[in-house]
Amino acid sequence: MKILDRYILTSYLKTFISVFLILMLIFILQTIWLYIKELAGKDLDIIVIVKFLVYFMPKLIPLVVPLTILLASIMVFGSFAENYEFAAMKSTGISLQRAMTGLSLFIVLLGIVTFFFSNNVIPWAELNSYNLRRNIAKLKPAMLLAEGQFNEVGTYNIKFADKSGDRDQFLKDVTIHVKGADGRTNTTVIKSKTGELASEKDSNVLKLILLDGYQYSALVPKKTKDKIKKPFVKSSFEKKIINIDLSKLNDVDFDEQSQTDKYNMLSVVGLTYTIDSLVKRSENDHKSVSKNLFQRSGFLRFNAQSPISKNEKRKAIEPKKDYSGELIDIFKTKNKIELVDLGLKSLKSSKQILQSKETSTKNAKAWLNRHIISFHEKFALGFACIILFFVGAPLGALIRKGGIGLPMVIAIVLFLTYHFIGIFATNSAKSDGFNPILASWFSTLIMLPLGVFLTKRATADRGLFEGQGIFEPLKKVLGLKKASIDPDVSFYQPGTEYYLELDNFDNNRLIEIIKNYREYDYSITYKNTALTILNGRGITNQQLKFAGHFTNQKYEEALRLKNVFMEDSQLALILYTIFAILAITGKILENNYYDSFGTPLFKVSIGFGVIYFFAFLRSFISGSIFNKHIGQDSLTKSVLFIVIGLPLNFVVYIIQMRKANKNIHLADKTES
């Protein structure tokens, strides 16, 4: 391994491991918060809690690893570009592709490892975590009885209005439902005015003392007539003691695995076998339904028992070249009635069969789709790691900014886009609204052209959105380039009065104008024209710069960046307005039953929405570059810009324009 490859790989691994550990910690805390209700009040051993977290950690890998690769790639390559390390590499003839080669091999290896991890470890984790959660749910807390609701403890359902005392042992208005032998039906109801929990908090026996109440016990008579009356026995009591044994309720084997065949618990081999079985079962169900419908149609019975003569049947089924009327008119009136009656009965019977099978068929199809999605997601995850690297690495080289600020915001936006596209596609596929195979790969396929585009831009050493892309023609069509450029940033044409005046000055006078044009209250146009004349006389900008005659380049660069930012922001605002108008109008027309107009409008708005998203991203990057140049870059402001600006662009546009016009003078306070 060469020194350069070792350096890039070491830098990447340091960032990758750090980001991975931080994200894993965040997601673990989110998991604990999500399942805290299942763990609280169960008096669980520390080993069980550790098992719970260990089983859930592998399930976080499909979220954590792609996000880590994307963020680490943007941070590392952005840092290389920001610190001019890529410039040093290019000066020695090393291209971006060559710099990415060693790291690309590592990412491919990581993608392969991720596949085996998702094929073996994640199903194991799903199996154990699912069964552990079911076993934890069986535990019944001994004394944690909530007031105002029924608390299930074994065969008893206990409810009380209020509790008091130093140990919350005194109860008011107690109602208890006792289940019967079947474990479902409530056969006994006990009501008392007051009660007391007399057992200790950690006791395995729940002792309940009830005072001044009634007990209603249902009777099960032998005769059906008597059952309809629902008889019961009512008895009163001054004091009643109920002892509930909790030891058996809490005797739970946490390692028990009662379910092992769920789709996310299977490897590729298990999923292949299960998918084949489900497909065969579906085909057999379809054949069974078809056969049932045919048998229930009654045509076989009608054919055997019908009084219609064979001659009439023969005439009915024989093709009639010269007959163009209704087929039923061939039969006699009596036979017509019989045929119509048979058709109505058959139709009603078939409809009932289809309606009864509709839900089960949908559920079977959804279950099959879940297995297909789970099968392909194992392969898609490895490819997603590779593609997100080729999105993040060139993007970092293009934005030329490392660290946590801007790379974090861009990585989160891209990952959320990737993740939500995948969620929407898979959810749609589960309900059979989308192809399950395509749904598993959809978000990865969406990111593939973006990775190719960014890699080409970075390899060619071109800006992220510069050149004749889709936005430049749009700006020209909308007249934004002309409107957004400061009118002072221009040149006087040869032959004009000011040009002839400057052309008569000597070089020293022209240099003085360039150096102190603002003190003399000259315009930038006047200064630029003087610079053009000096260039024509053989004095280059580089010579003037080295001689120290460009004293306020920071202001001029800030002005240029501000103009670019204004162009991009105005374009994003226009696209946002078009998108919002089309989307709202389309939905209003759809809700008012004008689907033929509303649906196409809404689909067109989605296209404008996608273009707006990238235009908004471009304006965000332009604004970040401008703010960084004037020393106003902030992570908090960047996050707010994304969160508020994407749905409410017009609000952020007004604020940003005011701040840009105000902050432009900050660059004028310091010399470059």
Side-chain angles (χ1 to χ4, degrees), residues 391 395 398-399 406 409-418 420-421 424 443 446-447 449-454 457 462-486 560-590 597-627 637-661:
V391 171
L395 185 59
L398 290 171
I399 63 175
L406 181 61
V409 175
I410 294 177
I412 290 175
V413 171
L414 285 174
F415 181 76
L416 288 179
T417 304
Y418 159 81
F420 284 136
I421 288 174
F424 294 146
S443 57
I446 291 292
M447 286 294 168
L450 179 62
V452 173
F453 169 76
L454 292 175
R457 302 289 290 188
R462 299 171 63 184
L464 184 58
F465 292 108
E466 69 177 9
Q468 299 300 316
I470 187 174
F471 298 114
E472 296 302 319
L474 279 176
K475 287 183 184 179
K476 292 179 181 178
V477 170
L478 297 172
L480 297 179
K481 292 192 73 65
K482 182 178 179 180
S484 64
I485 293 178
D486 193 316
R560 184 188 70 81
L561 294 175
K562 175 203 163 193
N563 292 332
V564 173
F565 173 50
M566 291 179 67
E567 286 181 9
D568 296 338
S569 298
Q570 289 173 0
L571 178 62
L573 179 63
I574 292 172
L575 292 171
Y576 169 82
T577 305
I578 296 173
F579 160 69
I581 292 174
L582 291 178
I584 294 171
T585 306
K587 280 300 178 183
I588 290 174
L589 291 175
E590 283 185 357
F597 297 100
T599 302
L601 272 180
F602 185 75
K603 290 181 178 179
V604 171
S605 73
I606 294 175
F608 275 98
V610 173
I611 300 174
Y612 158 67
F613 173 78
F614 288 104
F616 177 80
L617 182 61
R618 173 173 176 164
S619 69
F620 168 70
I621 295 174
S622 301
S624 297
I625 295 173
F626 169 68
N627 289 326
K637 292 178 182 178
S638 299
V639 173
L640 289 175
F641 184 90
I642 291 287
V643 173
I644 301 175
L646 198 57
L648 300 173
N649 183 273
F650 59 92
V651 176
V652 173
Y653 174 79
I654 296 172
I655 297 173
Q656 290 287 334
M657 289 301 102
R658 289 179 179 177
K659 291 191 70 175
N661 291 326

[X] side, atom [atom1]; [Y] side, atom [atom2] - distance, nearest 0.5 Å:
{"X": "Ile606", "Y": "Ile611", "atom1": "CD1", "atom2": "CD1", "result": "12.5 Å"}
{"X": "Ile644", "Y": "Ile655", "atom1": "CD1", "atom2": "CD1", "result": "7.0 Å"}
{"X": "Tyr612", "Y": "Ser619", "atom1": "OH", "atom2": "OG", "result": "7.5 Å"}
{"X": "Phe597", "Y": "Ile588", "atom1": "CZ", "atom2": "CD1", "result": "15.5 Å"}
{"X": "Lys587", "Y": "Thr599", "atom1": "NZ", "atom2": "OG1", "result": "7.5 Å"}
{"X": "Met447", "Y": "Leu450", "atom1": "CE", "atom2": "CG", "result": "6.0 Å"}

Show the nearest heavy-atom pair for residues [X] and [Y], with the distance to one decimal.
{"X": "Leu582", "Y": "Ser605", "result": "CB-CB, 3.5 Å"}
{"X": "Val391", "Y": "Leu454", "result": "O-CD1, 3.5 Å"}
{"X": "Leu601", "Y": "Gly586", "result": "CB-CA, 4.0 Å"}

[Y] side chain reached by [X] side chain, heavy atoms, under 4.5 Å:
{"X": "Gln656", "Y": "Ser569", "result": "no"}
{"X": "Leu648", "Y": "Val652", "result": "no"}
{"X": "Met657", "Y": "Phe565", "result": "yes"}
{"X": "Thr417", "Y": "Phe613", "result": "yes"}
{"X": "Tyr576", "Y": "Phe616", "result": "no"}

Inset, instruction - Would you check, one step at a time, whether the test side chain to side chain contact (heavy atoms under 4.5 Å, CB included) holds for Phe614 with Val610? - result: CA-CA 7 Å; Phe614 288 104; Val610 173; 3.8 Å; yes

Inset, instruction - May I ask you to check whether over 12 heavy atoms, not counting those of Phe608, lie within 6.0 Å of atom CZ? - result: no

